[in-house]
Amino acid sequence: MTMTDVNIDEILAPMPDKVKKNRRKHIVKKDASAGCRPQIEANTRTVPGIITQRGCSYAGCKGVVVGPIKDMLTITHGPIGCAYYSWGTRRNKARTDDSTPPDQIYSTMCFSTDMQESDIVFGGEKKLAKMIDEVVEIFHPRAINICATCPIGLIGDDLGAVSKAAEERHGIPIIHYNCEGYKGVSQSAGHHIANNQIMERMIGTGTEKVDGKYVLNFLGEYNIGGDAWEIERVLEEIGYTVGSTLTGDSAYATIKNMHTAHLNLVQCHRSINYIAEMMETKYGIPWLKVNFIGIDATIDTLRDIAQCFGDKELIARTELVIERELAAVTPEIERYQKICRGKTAFIFVGGSRSHHYQFLLRNLGMEVMVAGYEFAHRDDYEGREVIPTIKSDADSKNIPELHVKPDTEMYRPPHLRLKMSQEKYDELVASGVLNEYRGMYPDMVNGGIMIDDANHFETEELVKVFKPDLIFTGIKDKYVTHKMGLPSKQIHSYDYSGPYTCFRGAVTFAKDVAHSLSTPAWKMITPPWEQSITEQR
Ligand code: CFM
Ligand code: HCA
């Protein structure tokens with residue numbers, strides 16, 4: 001069977017009719033001959049009972065966006081499980097810096113009000129207030145985050161009132177997030193809630209101007225396995241100053257002054273686009289979509305950034321650094337390409353990596369046949385540059401207190417974002433100097449499958465059809481594929497590896513992938529259900 005022969009309806013055939021009808025809208029096959037981009041259903045509620053890979057709003061707010069801010073003490077208000085299971089699993093690395101001494105780093109710790117039955121019945125506000133007093137006395141943090149879990153919304157604890165009273169008692173910012181897990185349909189709603197509070201309570205509250213000729217902020221980069229550090233190394237060598245990242249290895253102390261930067265770079269658009277948009281509106285800071293995953297993607301990105309400033313010296317220095325980095329990694333990449341070339345993969349991640357990593361895999365000679373997101377929105381799949389407004393965003397319906405309505409205020413034409421005339425922008429794009437940002441579909445291989453909120457059943461069926469050599473997944477489906485005799489690599493946490501960004505990161509990734517592909521273990525295992533009874537004994 002060739003890739004283009006794959007029949008999605010046959011794959012879904014065993015499902016009940018109602019479920020089949022629902023799931024069919026979440027799966028699209030790339031058909032290059034069709035020309036237009038098909039619509040995919042995304043950011044809608046998962047069919048109950050299906051084994052989804054998704055998480056919740058609390059995970060998106062606390063685990064993803066605000067938890068990594070290293071000098072803020074983040075309290076999970078709720079029963080202990082949510083705090084415990086979001087403790088230390090995401091590999092968002094942090095280290096001391098000029099403004100953050102070691103005893104002010106709290107992102108590796110776990111704080112929770114540990115709500116008990118009586119707190120649920122009689123209310124948890126007093127317990128939370130007491131806990132704030134205790135952590136201030138013991139740790140003296142600069143600022144505190146308080147994240148709500150499901151029961152908090154249900155019993156109606158007023159986090160805003162508790163935080164405000166505690167701020168008056170202690171004289172430090174205490175920022176609360178009504179990110180109860182059930183809000184929205186996935187982590188995505190939690191990103192949005194976090195973005196709004198960071199914008200309102202942190203950015204712009206500082207008074208120090210970040211020094212540097214070209215000051216960048218780096219949005220949507222979480223320093224998983226040290227990714228942000230590798231990017232910063234390259235950016236600094238070219239001559240940029242990184243004011244702050246959001247939020248990998250970031251600090252409240254520097255986030256406050258982010259409004260003084262010249263340009264915002266956006267790596268993960270899904271989790272942080274709201275802040276990029278709001279900073280543009282409020283402070284006039286333009287933003288540029290970037291991708292530091294993949295060698296060619298990194299080169300394009302570095303050139304794009306230099307082009308935004310248009311300084312000849314900066315452009316020349318960019319070329320110099322590209323040349324040097326490339327020379328250092330090319331022989332190693334070529335070595336690993338010999339193992340990787342021609343191999344195929346699946347990739348299922350949250351909301352942006354399944355697109356970004358296709359570039360890096362192509363550098364190794366590999367193709368992604370099935371790519372899926374857990375909670376991306378339609379524009380992440382369908383592409384951004386030709387769709388100025390998206391009308392079907394569930395976030396705006398589910399969370400009435402949102403400050404930015406993504407449908408109405410976002411996705412301004414790129415030339416306006418980059419403060420260029422339309423003519424100048426078109427000219428730079430046409431000459432290949434500035435790259436247009438694209439979504440997953442335009443960059444998929446013909447015949448490949450794009451899938452939203454994939455479940456275990458579909459994953460297994462797609463594996464049987466496509467027989468990929470490697471699967472990139474998270475913890476929830478890693479072992480499902482192992483049981484099918486397939487190697488898998490966690491692409492959320494990189495298992496224990498990383499960084500994977502820029503040039504050197506590409507080599508580390510290539511090495512890990514080559515190891516996975518060449519280990520003989522997978523061919524040696526006979527799963528128990530394929531063994532005879534005597535073998536099993
Ligand atoms: Fe952005 Fe992320 Fe992702 Fe994401 Fe995540 Fe993550 Fe992810 Mo896991 S912020 S959308 S909510 S790139 S935690 S660092 S790996 S699912 S693809
Ligand atoms: C989250 C965090 C997560 C989970 C990873 C996984 C991460 O969504 O709450 O499922 O393996 O990257 O740590 O996406």
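As the structure lists them, so they are numbered: ligands from 1, and atoms in each ligand from 1. The residues of the chain are indexed from 1 along the displayed sequence.
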Closest non-hydrogen atom pair, L216 against L265: CD1-CD1, 4.0 Å

Within a reach of under 6.0 Å around CH2 of W87, are more than 12 heavy atoms found that belong to other residues, nucleotides or ligands? no

For ligand 1, which atoms have a heavy atom of G351 less than 4.0 angstrom away? 3 (Fe), 10 (S), 17 (S)

Please examine the side chains of M258 and I255, heavy atoms only from C-beta on, and report whether any two atoms are closer than 4.5 Å. yes

Any S352 heavy atom less than 4.0 Å to ligand 1: yes

Is there any N or O on H492 that sits under 3.5 Å from an N or O of ligand 2? yes

What I want to know is whether I475 and ligand 2 share at least one N or O pair that is separated by under 3.5 angstrom. yes

Specify the protein heavy atom at minimum distance from atom 17 (S) of ligand 1: its residue, its atom name, and the distance to 0.1 Å. G350 N, 3.2 Å

When the aromatic ring centroids of Y373 and Y381 are compared, is their separation below 6.0 Å? yes

Under 4.0 Å, counting heavy atoms only: does R90 come that close to any atom of ligand 1? yes

Treating Q358 as the side-chain partner and S354 as the backbone partner, does any N or O pair qualify as donor plus acceptor under 3.5 Å? yes

Give the numbers and elements of all ligand 2 atoms closer than 4.0 Å to a heavy atom of A59. 9 (O)

Any side-chain donor-acceptor pair under 3.5 Å between H77 and T149? no

Looking at D227 and K93, does any basic side-chain N land under 4.0 Å from a carboxylate oxygen? no

What do you reckon, does G55 put a non-hydrogen atom under 4.0 Å from ligand 2? no

Which ligand 1 atoms does S271 reach within 4.0 Å, using its non-hydrogen atoms? 1 (Fe), 9 (S)

Exercise: do D453 and T46 side chains pair donor with acceptor under 3.5 Å: yes

Looking at V64, which atoms of ligand 1 are within less than 4.0 Å of one of its heavy atoms? 9 (S), 11 (S), 13 (S)

Atom 9 (S) of ligand 1 [closest protein heavy-atom partner, distance rounded to 0.1 Å]: Y222 CE1, 3.4 Å

Less than 4.0 Å between a side-chain N and a carboxylate O, is that true for E325 and R233? yes

If the contact criterion is a heavy-atom separation under 4.0 Å, does H191 count as touching ligand 1? yes

Contact atoms of ligand 2, heavy-atom distance to Q187 under 4.0 Å: 1 (C), 8 (O)

Quick test: of every protein heavy atom, which one is nearest to atom 4 (Fe) of ligand 1, and how far off is it to 0.1 Å? F375 CZ, 3.9 Å

Please identify which atoms of ligand 1 are closer than 4.0 Å to at least one heavy atom of H492. 7 (Fe), 8 (Mo), 15 (S), 16 (S)

Should the proximity of R353 to ligand 1, defined as any heavy atom under 4.0 Å, be assigned to the side chain, the backbone, both, or neither? both

What I want to check is whether the side chains of D380 and H355 have a donor and an acceptor closer together than 3.5 Å. no

In ligand 1, the atoms that come under 4.0 Å of a heavy atom of C268 are 1 (Fe), 9 (S), 10 (S), 12 (S)

Any heavy atom of Y373 sitting closer than 4.0 Å to ligand 1? no

N/O to N/O below 3.5 Å, does that happen between E374 and ligand 2? no

Name the closest protein heavy atom to atom 13 (O) of ligand 2, giving the residue it belongs to and the distance to 0.1 Å. R90 CG, 3.5 Å

Where the side chain of N257 meets the backbone of V210, is there a donor-acceptor pair that is under 3.5 Å apart? no

Side-chain contact test, heavy atoms from C-beta onward, threshold under 4.5 Å: evaluate it for F359 versus D296 and give yes or no. no

